[in-house]
Structures are given as structure tokens and as C-alpha cells.
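Atoms within each ligand, like the ligands themselves, are counted from 1 in listed order.
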Amino acid sequence: MTAQQKIGKFLLSLTDIDREALSLTNRKREIEETRRQLQTELEQVEQSLAKTEKEVEQCEQIRKEREHSLEDEESKIVERRKQLTAMGGAKAAKMMEREIEIASRALQNLEQSAGEATTQSEMTQKKFDALREKVEQLREAVSNHEEQVGAIADLEKGLDGLVQERNSVRGKLDERLVKIYDRVTMRYPGDAVAIVKGGACRSCYRSLPFQLHNQLNAGNNHLQCPGCSRMLVVGES
Ligand SMILES: [Zn+2]
């Protein structure tokens, strides 16, 4: 193997390492992002659930109060009717008629307001049930995701190994080459090196000018593709 071929191999293995590291880093980021999203959503829904639980209590309180008012009014009317019946006579009958009319109007209002309170109470309870179900679903999702969160340690171990490998390969390349490599990597993370085959760059398929091809064949390792700027490595024919 010529010195140029060796350097070409190092550059290609460096891109392999960087590509692998990039994929591990992205995987790790994805897992962390998903966990963050799930936890944020769970916290929000738990807060809504706690708030709705209070609302349910308040609505139930109001419903009971109105129910009692209604019962009170009903028993008052029964009592009054008894009194007036006991009194007897035309005057009492007239009074009863009028009082019953007023009382039945009051009763109607109370019934309506008790009915509204019941509806409100039922709606709030439904909202609470739906939120509780959502909380359970999210807790399960968080717990299911824990397995992937557990894999983060392995991903980090893999990354540590790749950093060591990367340093070892970089140590075998001259400083100028590493500088070019890093600059191209900024543009093409994990894909900074292109193979030349049949006189063309295999990354962007641009045909290389004759002179560049000659320089490459003469052993120059610092050349970049005029089409895509990737570092050029002569492919095995
Ligand atoms: Zn190219």
C-alpha cells in the first residue's frame, strides 16, 4: 500500500467514525427530546387534573346546596299549604292560591338552577375522567420510554469509544489535512471524503479536470472536489 493509499484509508475511516458518532449523537438527542416532551406533557396534564379535581368538588358543593334549597322550598310550601288548609274559609283559599302561584315560580327557578348545577357537575366530572385517562396513558408512555432512556448510557459509551478511535486516526494525519477535513466536515458532517472513480467524484458525480486528476495520481492528498469541495481519495480500481 502506498503512503497515499494509507492516508486515503485513514480519511475514509475518519468519515466512518464521524458518521457513526453523528448517528449515536442524534439517537441520544432524539431519546432525550422525546423524554422531555413526554414529561412536560405529563406535568401539564397532571396540573389540569388537579385543577379539575377542585372544580369537581366545587360543582358538587354547589349542586348539593341548590338541591337542599329546592327541598327546603318544597317542604315550606307543603307546610304553608297545611296551615292555610287548617285555617279554612274563602280568604284562606284565596291567599293559598296566590302564595302557591308565587311559590311555584320560585320553585321553578330553583329547579332550573339545581338542574344547571347538576349538568355542570356532570360535565366537570367527565372532563376529570378524560384527564385522568390521559395522565394514565402518559405515565405508561413515560415508563415505556424508560427502556430507551436506559440505552443512553450505552450510546455514551459508544461515543467515548469513537472519540478515542477518532483521536487515534487523526494522530496519523498531518495537521493541514486535519484542518481541511474539519472545514469540509462543517459542511458535510460525517461525509467529508469523496472517492474518485473513473475520473469523477462519486459523491457529486462531477468529472474532475485532467490536471486535478494528474495531481491526485501523483500522490497529492490535499485536493478537494471542484464540484462539492469534499476531500478526494482515489478509489480502488
Ligand atoms: Zn464532488
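- Under 3.5 Å, the side chains of Ser121 and Glu60 contain a donor-acceptor pair of N or O atoms.
- Excluding waters, the protein N/O/S atoms found under 2.8 Å from the Zn ion (ligand 1) are Cys201 SG, Cys204 SG, Cys225 SG, Cys228 SG.
- Annotation: the span from Leu212 atom CG to Leu223 atom CG amounts to 5.0 Å, rounded to 0.5 Å.
- Under the 4.5 Å side-chain heavy-atom criterion for ILVMFWY residues, a single connected hydrophobic cluster contains both Val169 and Leu159.
- Distance CD/Gln120 to CE/Met123: 5.0 Å, rounded to 0.5 Å.
- Around the CD atom of Gln164, the shell of radius 6.0 Å holds no more than 12 heavy atoms that belong to other residues, nucleotides or ligands.
- Every residue meeting the side chain to side chain contact (heavy atoms under 4.5 Å, CB included) condition with His145, not counting sequence neighbours, appears here in chain and number order: Ile31, Thr34, Arg35, Leu38, Gln148, Val149.
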